[in-house]
K.L.:
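Take this structure, written in structure tokens, and hold onto it; I'll ask about it next.
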Amino acid sequence: MAKADEEGSGIKTLSRRSGSGFAKLFRFVERANQVARERRELMRLGDAALKDFAVSRADAVGEASRPWWDLPTDRQ
């Protein structure tokens, strides 16, 4: 969030710690697109590869069917 502070002339300015709203939106879209690519790759794996990390075909289909903007909680 923005933080108000007073500098020299007494004019209140806003300093942004995490960038503009546009920058945040851009980073979110980048992450969402990366997750969407990973989900498509997941669907390309064979059953044996999915079994290697304990994911069933049904799990892979369920994950791949999520909308591109629906990020896992650890990726937001």
K.L.:
Say you draw a straight line from CZ of Phe53 to CG of Leu42; how long is it, rounded to the nearest 0.5 Å?
P.N.:
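It comes to 5.5 Å.
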
K.L.:
For Glu38, run the side chain to side chain contact (heavy atoms under 4.5 Å, CB included) check against Arg40, Glu41, Gln34 and tell me which one passes.
P.N.:
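Option passing the side chain to side chain contact (heavy atoms under 4.5 Å, CB included) with Glu38: Gln34.
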
K.L.:
Are Ser56 and Leu50 side-chain neighbours, meaning at least one heavy-atom pair lies under 4.5 Å?
P.N.:
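When only atoms from C-beta onward are counted, Leu50 and Ser56 do not touch, as no gap falls below 4.5 Å.
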
K.L.:
Other members of the hydrophobic cluster containing Phe22, with the 4.5 Å side-chain heavy-atom rule, please.
P.N.:
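For Phe22, no cluster forms, as it stays isolated from other hydrophobic side chains.
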
K.L.:
May I ask whether Phe28 and Phe26 are part of the same hydrophobic cluster, defined by side-chain heavy atoms of I, L, V, M, F, W, Y residues being less than 4.5 angstrom apart, directly or through others?
P.N.:
no

K.L.:
Using every non-hydrogen atom in the two residues, find where Pro72 and Arg66 come nearest and quote the distance to one decimal.
P.N.:
N-NH2, 3.8 Å

K.L.:
Show the nearest heavy-atom pair for residues Leu71 and Ala32, with the distance to one decimal.
P.N.:
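Here Leu71 and Ala32 meet closest at CD2-CA, 3.5 Å.
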
K.L.:
Working note: Trp68 + Val35, criterion side chain to side chain contact (heavy atoms under 4.5 Å, CB included); need CA distance, chi angles, decisive distance, verdict.
P.N.:
CA-CA 7 Å; Trp68 68 269; Val35 169; over 6 Å; no

K.L.:
Using links of under 4.5 Å between side-chain heavy atoms of ILVMFWY residues, direct or through other members, which residues join Val61 in one cluster?
P.N.:
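Members alongside Val61: Met43.
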
K.L.:
Any salt bridge (Lys or Arg N to Asp or Glu O under 4.0 Å) involving residues 45-61? Give me the pairs, sequence neighbours left out, ordered by first then second residue.
P.N.:
Asp47-Arg57

